[in-house]
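All values reported here derive from a predicted model rather than from experimental measurement.
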Amino acid sequence: MASPSITVFSLLLLLLLPLSSALPSHSVLNAAEILADSGFLSMALTLEVVSQSLVPKSPSLTIFAPPDSAFKRAGQPSLSLLQLHFAPLALPLQTLTSLPAGTKIPTLQSGNSLVVTSPPSGAEISLNGVRVTTAASPIYDDGFLIILGVEDFFDPKFQFQAPAPPRIPAPGQKCGSDSSNGTGFPGASWFQGAKGAMRSNGYTVMASLLDLQLMGFKNPPTSLTVFAPVDQSVENPLLDPSVFLRHVVPCRLAWSDLVNLTEGTALPTYLDGFTIRISRSGDVLLLNGAPVYFANMYYGDSVVVHGLQESLVMPEEAAAGESSPEEGGSDSLDDESEF
């Protein structure tokens, strides 16, 4: 029988659930208008023409806009070239600034990604050797659609000389032992920024579950990474207590850490026996087959949140062996020895 506190929480959660959908068309129209007002008239007109065919059915998008002078030099770009300037995830300036040189950013052009070429000094941001001209502030940013100016069109044939590979966790290694700052668990205020970012971007279910689930920790963690599924992909969090547990790993992994993980790396989660396996489709990073759509939605000293378009699915064999809360299925919260 459900406890009164869980029942009250259930009612609140049902009231809080918003309807989440693909990128709204009014965002694209607003962005085109602001592009024109900001001096990017050619890109604004192009966006209005190709938005139906280029804007994916996903909740977020980053567009890199060349100036009018680039259009005058090169003429009207092909659809394929335009696809290289559309990334199917939200990339705030904070995220781009944090990415090391050599990091690949997926685009809508099949089989081709952008490569971060920013200098180590961090004085500027560049992709495929092309400088981001609006590094101080984006042209447009509504949390779902972000538009940044670049000084020219990207070269699809750009080749990057990779630096020495960074130190990354090996497959099977305990994740994040070096990621924690060791500052301890400062209380509920630790998650205020993360919860606010999730709620404002359509990830209210995970934000609402965060406080409830953390009550079960005997030894509160010092760092977490939350892979938050968008609300519409969580069918019934009240009947599936594993939703939160299988989307959280006991370490802090920023986007720059994730993209450098080797193929097949398995990240442990707080759900006993459930791991998140790293794979790629071309240059698109996948977590148990699900792409990250909002990298570094929240990026703090101890907690990072990445947004997903879909839930991480429980393998059939794990689902069959999962016990109910009454049978002790959430013991992983109370015993961190596994990590």
If you look only at distance, which donor and acceptor atoms sit under 3.5 Å apart when one is on a side chain in residues 105-114 and the other is two or more places apart or in another chain?
residue	atom	partner	partner atom	Å
Thr107	OG1	Gln109	N	3.2
Thr107	OG1	Asn112	O	2.6
Gln109	OE1	Asn112	ND2	2.6
Gln109	NE2	Ser80	O	2.7
Gln109	NE2	Ser80	OG	3.2
Asn112	ND2	Pro156	O	3.0
Ser113	OG	Asp283	OD2	2.7

Contacts table for residues 29-40: side-chain donor-acceptor under 3.5 angstrom, sequence neighbours left out:
residue	atom	partner	partner atom	Å
Asn30	ND2	His26	O	3.2
Ser38	OG	Ile34	O	2.8

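Legend: residues meeting side-chain hydrogen bond (donor to acceptor under 3.5 Å, both in side chains) with Ser126, ordered by chain and number and at least two apart, are Thr117. In this structure Ile276 satisfies the side chain to side chain contact (heavy atoms under 4.5 Å, CB included) test together with Phe227, Val249, Leu267, Thr269, Phe274, Leu287, Asn288, Leu312, sequence neighbours excluded. For Pro92, the side chain to side chain contact (heavy atoms under 4.5 Å, CB included) partners are Thr95, Ile146, Phe294, not counting sequence neighbours. For Leu45, the side chain to side chain contact (heavy atoms under 4.5 Å, CB included) partners at least two apart in sequence or on another chain are Leu41, Glu48. Under the rule for a ring pair (Phe, Tyr, Trp, His ring centres under 6.0 Å), the partners of Phe154 that lie at least two apart in sequence or sit in another chain are Phe64, His85. Evaluation of the side-chain hydrogen bond (donor to acceptor under 3.5 Å, both in side chains) rule for Ser42 yields Asp68 as partners, not counting sequence neighbours.
The CE atom of Met198 sits 7.5 Å away from atom CE of Met297, with the distance rounded to the nearest 0.5 Å. With rounding to the nearest 0.5 Å, the separation of CG in Leu224 from OG in Ser302 is 9.0 Å. A distance of 4.5 Å separates CG in Leu47 from CD1 in Ile63, rounded to the nearest 0.5 Å. Atom-to-atom distance recorded for Leu148:CG and Thr133:OG1 is 8.5 Å, nearest 0.5 angstrom. Taken to the nearest 0.5 Å, the CZ atom of Arg246 stands 6.0 Å off from the OG atom of Ser311.
Note on residues 143-152: pairs passing side chain to side chain donor-acceptor pair (under 3.5 Å), not counting sequence neighbours, are Arg73-Asp152. Evaluation of the salt bridge (Lys or Arg N to Asp or Glu O under 4.0 Å) test over residues 105-117, restricted to residues two or more places apart or in two chains, returns none. The salt bridge (Lys or Arg N to Asp or Glu O under 4.0 Å) analysis of residues 90-102, with sequence neighbours excluded, yields no pairs.
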*Check step by step if side-chain contact (heavy atoms from CB on, under 4.5 Å) holds for His306 and Val226.*
CA-CA 6 Å; His306 303 289; Val226 179; over 6 Å; no

_Please evaluate residues Trp255 and Leu96 with respect to the criterion side-chain contact (heavy atoms from CB on, under 4.5 Å), reporting the C-alpha separation (whole Å), side-chain torsions for both, the decisive distance (0.1 Å), and the verdict._
CA-CA 9 Å; Trp255 178 246; Leu96 281 177; over 6 Å; no

_Evaluation steps, side-chain contact (heavy atoms from CB on, under 4.5 Å), between Thr46 and Val49_ = CA-CA 5 Å; Thr46 300; Val49 172; 5.8 Å; no

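Here the closest heavy-atom approach between residue Arg252 and residue Ser223 is recorded as N-OG, 3.7 Å. Of all the heavy atoms in His247 and Pro229, the pair that sits closest is CD2-CD, 3.6 Å. When all heavy atoms of Val305 and Ala228 are compared, the pair lying nearest together is CG1-CB, 4.2 Å. The shortest non-hydrogen separation linking Asn260 to Arg280 is N-NH2, 4.3 Å. Closest heavy-atom contact between Ala65 and Ile147: CB-CG2, 4.1 Å. Nearest heavy-atom pair across Tyr203 and Asp231 is C-OD1, 3.3 Å.
In this structure, the side chains of Pro250 and Tyr270 come closer than 4.5 Å at one or more pairs of heavy atoms. Residues Leu145 and Asp142 form a side-chain contact, since some pair of their non-hydrogen atoms from C-beta on lies under 4.5 Å apart. Between Ser279 and Glu263, some side-chain heavy-atom pair lies under the 4.5 Å cut-off. Looking at heavy atoms from C-beta onward, Ser118 lies out of side-chain contact with Glu124 at the 4.5 angstrom threshold.
Hydrophobic clustering (ILVMFWY, side-chain heavy atoms < 4.5 Å, transitive): Phe144 and Tyr299 are in distinct clusters. Hydrophobic clustering, with ILVMFWY side chains joined whenever heavy atoms are under 4.5 angstrom apart, keeps Leu253 apart from Val304.
Side chain of Thr225 to main chain of Cys251: a donor-acceptor pair is present (N/O by atom type, distance under 3.5 Å, no hydrogens or angles). A donor-acceptor pair is defined here as one N or O able to donate and one able to accept, closer than 3.5 Å; no such pair exists between the side chain of Asn128 and the backbone of Val130. Thr62 places no side-chain N or O within 3.5 Å of a backbone atom of Ala87 that could act as its donor or acceptor partner. Between the side chain of Asp257 and the main chain of Ala254, a donor-acceptor pair closer than 3.5 Å is present.
Of the N and O atoms on the side chains of Tyr298 and Asn296, not one donor lies less than 3.5 Å from an acceptor on the other residue.
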